[in-house]
Amino acid sequence: MLDIKLIREQADFVRKRLATRGGGEESKIDEILEIDTRWRQILTEVEGLKSQRNKVSKEIGALMGQKKLEEAEAKKKETREIGDRISDLDKEVADLETRSRALMMTLPNLPHESVTIGATEADNPTLREWGEKKNFTFEPESHVALCERLKLIDFARGAKLSGSGFLLYTNWGARLERALTQFLLDLHTSEHGYTEVSPPFMVSKACMEGVGQFPKFVDQAYAIQEGEDGSSLGNLFLIPTAEAPVANIHREELLAEAELPINYCAYSPCFRAEAGAAGVGTRGMIRVHQFDKVELIKVVPPEQGYDALETLVGHAEKVLQLLDLHYRVILLCTGDMGFGSAKTYDIEVWAPGQGDYLEVSSCSNCEDFQSRRMGLRFKTKDGKKVLPHLLNGSGTALARLFVALVETHQQKDGSILIPEPLQAYMKTDRIPAH
RNA sequence: GGAGAGAUGGCUGAGUGGUCGAAAGCACCGGUUUGCUAAACCGACGUAGCCCUCAAAGGCUACCGCGGGUUCGAAUCCCGCUCUCUCCGCCA
C-alpha cells in the first residue's frame, strides 16, 4: 500500500511513477483524493459533535450527582439528538474508509528511480552473465526426454493423480529434488547467515493481502475448503510462495531496531493455479501447479534496503555458481515488475535442452509497501516508529533448477553428472544411464 | 467437535457505568551520583487519525482482542466472532 500522505502531497509524482508501470492505475488517484477530501471534511465535523457530546455527558454526570434530575433530563434529550447525527456521519465515514482502502489496495508499488522504464520483458536490461552456454559434442536432450528415459519423473502418473501440471518424482529424481532442497537450505543458513524457518503451507487472507497477493491475484490461488459444505471456503489458501507466510511472521508487530536485520530462509512447496495459462508450456516441468522453492526474506531498516537487495541477489547467484550453471541477471523494467515490488532482479538459468533461459529466482525490494499493508514496524533508538523494507528472493525455485541441472550436466553416455556440492546429499557423483 | 477460563500500553498486571487513556511494577529514554560498569535517586514515557501551523507548540477524536448493541455516557453491561490456555473426544 502506498502512503496516503504521499498521494495527498505529491499526487503528480505518484501518478507519474504509477504510469511507468503501464497498468493505468494512475487514473485512480483522482478518486482517491476526492474520497480523502470528503472523508477529512466529515471526520472533522463528526469529531466536533462528539466533543460536544462528551462535554454535555460530563455535565449530566455532575447534575445527577447533585440530584438536579430535571436539568439532567433536558440535557439528555439534547445529547440524544446529537447522537443521531453522529451515527449518520459515522456511517458515512466508515463507508468512505472502505472505499478508499479498496482502491488503495489495488495500487501497485511505485518503481524505484533506478528502474529502467519499459513496457514488457523485451525492455528488461541484462545486467550480467555468469559462465557460458555449454557446448555439447552431441545433441542434448530436453529434460522431458531425460526424465522419462532415466525415470526421474513419471509425468503420466503425476497427471493421473492430480491432473496436468503435477509431478511425480521417482527414484533418482525424487532424491535429486530432496538433495537440492537440503543443499539450498544448508547453503543459506551455514554460509549466508539466514535463520531457517518452516512455515505453514496454508495462510489466511490477511497474509495474502499483506504481501500483495490479494486482492489482485485471487484467481491464481488455491482456496481451501474443509469438508463438503462450503462454509470454510476462503479462510485458508495454499501458499503460492513461502513469502506469503514468512514475510508475515512479524505482521502487526513493533520490532526493536536491534532485532534488525532479520534474515529468514524457508523451504516450501508453492501452489499456483495459473488460471488462464492452460496449454501454455504445459509439457514438462517448466510451468506446473506445484513446485518446491527455498525462499529468502529480509526485514531491514529502509536505509539498508537497496544494499540488502544486492546481497540477496548475490546469495541466489551463488546457488547457480556452485552448481556450475550458466545464468544471467536481468533487471525487470517498470512495466514487467510484480505488484508489490519497487525493484526486482530476475535470475535466469540456461537450459540447453530448451535452448532458452529459465527464470529461477526473482529478488525484490518491496520497500515499505508490504510493511504498511501488514502493520509491521520497528522502533528506532530515538523512539521513532518506522516501516522497514521487506525483501524477498527465491534461492531458488527447484523445478526449473532441476531442469537446468539435468540438461546442463547430461553426458554423452546418457548419464547425468552430479555437481560436487550435491554429491554428499545424493550419495553418488552421477545418475547412471540405466 | 464438547466443557471451562482468559484476551488491558513494549512486557507483567490492577481496574465492574461518569472524576479511567487507564494504578503499580518492569523495560526503554533523559538527568544526578560514579574512576568505569552496576545500583540508587529524579524526570519523561501508549497508539492512530483529523484540525491548526512554514515548523514547533497546541486542540480534538478514536482505541482496553474484533464486530455489533444498550445508555446522555462503556475497559466495565448485553449479543456475535476470533484467538490463547486447561480438560474431554477424535487423530498422525
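Side chains are part of it too, since the values below use all heavy atoms of this structure and drop only hydrogens, waters and symmetry mates. Letters A, B, ... mirror the listed sequences (proteins, then strands); counts begin at 1. Everything quoted here is computed from the prediction, not taken from an experiment.
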Enquirer: In whole angstrom, give me the gap between the C1' atoms of B:U82 and B:C72.
Expert: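 The answer is 32 Å between these two C1' atoms.
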Enquirer: Measure CD/A:E252 against P/B:A7 and give the value in whole Å, please.
Expert: 20 Å
Enquirer: With heavy-atom distances below 4.5 Å as the criterion, would you say the side chains of A:R21 and A:M337 are in contact?
Expert: yes
Enquirer: Any side-chain N or O of A:S51 below 4.0 angstrom from OP1/OP2 of B:U61?
Expert: yes
Enquirer: Across the strands shown, which category fits A:I60 at heavy-atom distances under 4.0 angstrom: base, sugar-phosphate, nothing?
Expert: base
Enquirer: Going by purine N1 to pyrimidine N3 plus the second Watson-Crick contact, or the G-U wobble pair, all under 3.5 Å, which nucleotide sits opposite B:C60?
Expert: B:G49
Enquirer: Using atom CG of A:L254 as one end and atom C1' of B:G46 as the other, report the distance to the nearest whole Å.
Expert: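 A:L254 atom CG is separated from B:G46 atom C1' by 11 Å.
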Enquirer: Distance check, C1' atoms only: B:G25 and B:U70, in whole angstrom units.
Expert: 36 Å
Enquirer: Side-chain contact, heavy-atom cut-off 4.5 Å: A:I297 with A:L390?
Expert: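 Sidechains of A:L390 and A:I297: in contact.
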Enquirer: Classify A:T79 by what it touches in the nucleic acid, base, sugar-phosphate, or nothing, heavy-atom distance under 4.0 Å.
Expert: sugar-phosphate
Enquirer: Let me spell it out: for each of A:G61 and A:K5, pick the nucleotide of RNA chain B with the closest heavy atom. Which residue's pick is nearer the 5' end?
Expert: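 The residue whose closest nucleotide sits nearer the 5' end is A:G61.
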Enquirer: Taking the ring centre of each residue, are A:F378 and A:H250 less than 6.0 Å apart?
Expert: no
Enquirer: Take atom NZ of A:K318 as the centre, draw a 6.0 Å sphere, and report whether it contains more than 12 heavy atoms from other residues, nucleotides or ligands.
Expert: no
Enquirer: Starting at CD of A:E59 and ending at P of B:C72, how long is that distance when rounded to a whole Å?
Expert: 16 Å
Enquirer: If we call it a pair only when both distances are under 3.5 Å in a Watson-Crick or G-U wobble match, what pairs with B:U76?
Expert: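 WC or wobble partner does not exist here.
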Enquirer: So, does A:R8 get its side chain near the phosphate of B:G49, meaning an N or O under 4.0 Å from OP1 or OP2?
Expert: no
Enquirer: Under a 3.5 Å cut-off for both distances, is B:A44 Watson-Crick or wobble paired, and to whom?
Expert: none
Enquirer: Could you tell me whether a side-chain N or O of A:S341 sits under 3.5 Å from a main-chain N or O of A:G338, the two making a donor and an acceptor?
Expert: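 No; judged by distance alone, with no hydrogens or angles, the pair does not exist.
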Enquirer: B:G10 and B:C64: how far apart are their C1' atoms, nearest whole angstrom?
Expert: 16 Å
Enquirer: Which base sits across from B:G17 as a Watson-Crick or G-U pair, both distances under 3.5 Å?
Expert: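 Result: none.
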Enquirer: Rounded to whole angstrom, note down the P distance from B:G68 over to B:A14.
Expert: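 Result for the P pair: 29 Å, nearest Å.
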Enquirer: Phosphate oxygens OP1/OP2 of B:C72: is one of them under 4.0 Å from a side-chain N or O of A:R53?
Expert: no
Enquirer: Is any side-chain heavy atom of A:R272 closer than 4.5 Å to one of A:Q220?
Expert: no
Enquirer: If I pick the P atom on B:G30 and the same atom on B:C83, what distance separates them, to the nearest angstrom?
Expert: 42 Å
Enquirer: Backbone N or O of A:T20 within a donor-acceptor pair of the A:T334 side chain at under 3.5 Å?
Expert: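 Yes: the side chain of A:T334 pairs with the backbone of A:T20.
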Enquirer: Can you tell me how far C1' in B:C63 sits from the matching atom in B:U8, rounded to whole Å?
Expert: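 After rounding to an integer number of Å, I get 12 Å for this pair.
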Enquirer: Find the distance A:K50:NZ to B:G59:C1' and express it as a whole number of Å.
Expert: 17 Å
Enquirer: Could you identify the nucleotide paired to B:A55, looking across every strand shown and requiring Watson-Crick or G-U wobble geometry with both distances under 3.5 Å?
Expert: none
Enquirer: Just the rounded figure in Å: distance from C1' of B:G18 to NZ of A:K55.
Expert: 17 Å
Enquirer: On a whole-Å scale, what distance lies between the P atoms belonging to B:G17 and B:G13?
Expert: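 One P to the other, the span is 23 Å.
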Enquirer: If you compare every side-chain N and O of A:N54 against the phosphate oxygens of B:U61 (OP1, OP2), does one of them come in below 4.0 Å?
Expert: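 Checking A:N54 against B:U61: at least one side-chain N or O falls below 4.0 Å of OP1 or OP2.
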Enquirer: Taking atom P in both B:C42 and B:A24, what distance in whole Å separates the two?
Expert: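 Between the two P atoms, the distance is 13 Å.
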Enquirer: In this structure, how many angstroms lie between the P atom of B:C72 and the CG atom of A:L63, rounded?
Expert: 15 Å
Enquirer: Could you check which of B:C50, B:C72, B:A48 has an atom nearest any side-chain atom of A:R377?
Expert: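 From the listed options, B:A48 comes nearest.
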Enquirer: To the nearest angstrom, how far is A:R251 atom CZ from B:U82 atom P?
Expert: 18 Å
Enquirer: From C-beta outward on A:R40, which listed nucleotide comes closest to its side chain: B:G73, B:G49, B:C51?
Expert: B:C51
Enquirer: Tell me which nucleotide, if any, is Watson-Crick or G-U wobble paired with B:G65 when both distances must be under 3.5 Å.
Expert: B:C81
Enquirer: Once you apply the 3.5 Å cut-off to both distances, tell me the Watson-Crick or G-U wobble partner of B:A38, or none.
Expert: none
Enquirer: Under a 3.5 Å limit for both distances, which nucleotide forms a Watson-Crick or G-U wobble pair with B:G1, could you say?
Expert: B:C88
Enquirer: Can you measure A:R85 atom CZ to B:C72 atom C1' for me and round it to whole angstrom units?
Expert: 19 Å
